[in-house]
Amino acid sequence: MGWVFLQVFLAFGVGVLIVWWTWPKTPKIPKASATSSVSAPSGALKDVPSNEQKDAPKKIDEA
């Protein structure tokens, strides 16, 4: 009976280890970038399309 309990606890331990290993880690924010006062240039996001433009269906001209 002791052998059965040993196998049960071993299987449980392996299961806990697998879940712990695959659990998503929280991203670490570097202290330098969190307190940095440097900003992007004023026109940095000028060429980035908004969601409405990106998701809009494309018009196809038929000749």
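Quick caveat: nothing in here was measured; it's all calculated off a predicted structure.
Grouping Ile, Leu, Val, Met, Phe, Trp and Tyr by side-chain contacts under 4.5 Å, direct or through others, leaves L10 on its own.
Among residues two or more places apart in sequence or in another chain, the side chain to side chain contact (heavy atoms under 4.5 Å, CB included) test is passed with F5 by M1, F9.
Other residues, nucleotides and ligands contribute at most 12 non-hydrogen atoms within 6.0 Å of the NZ atom of K28.
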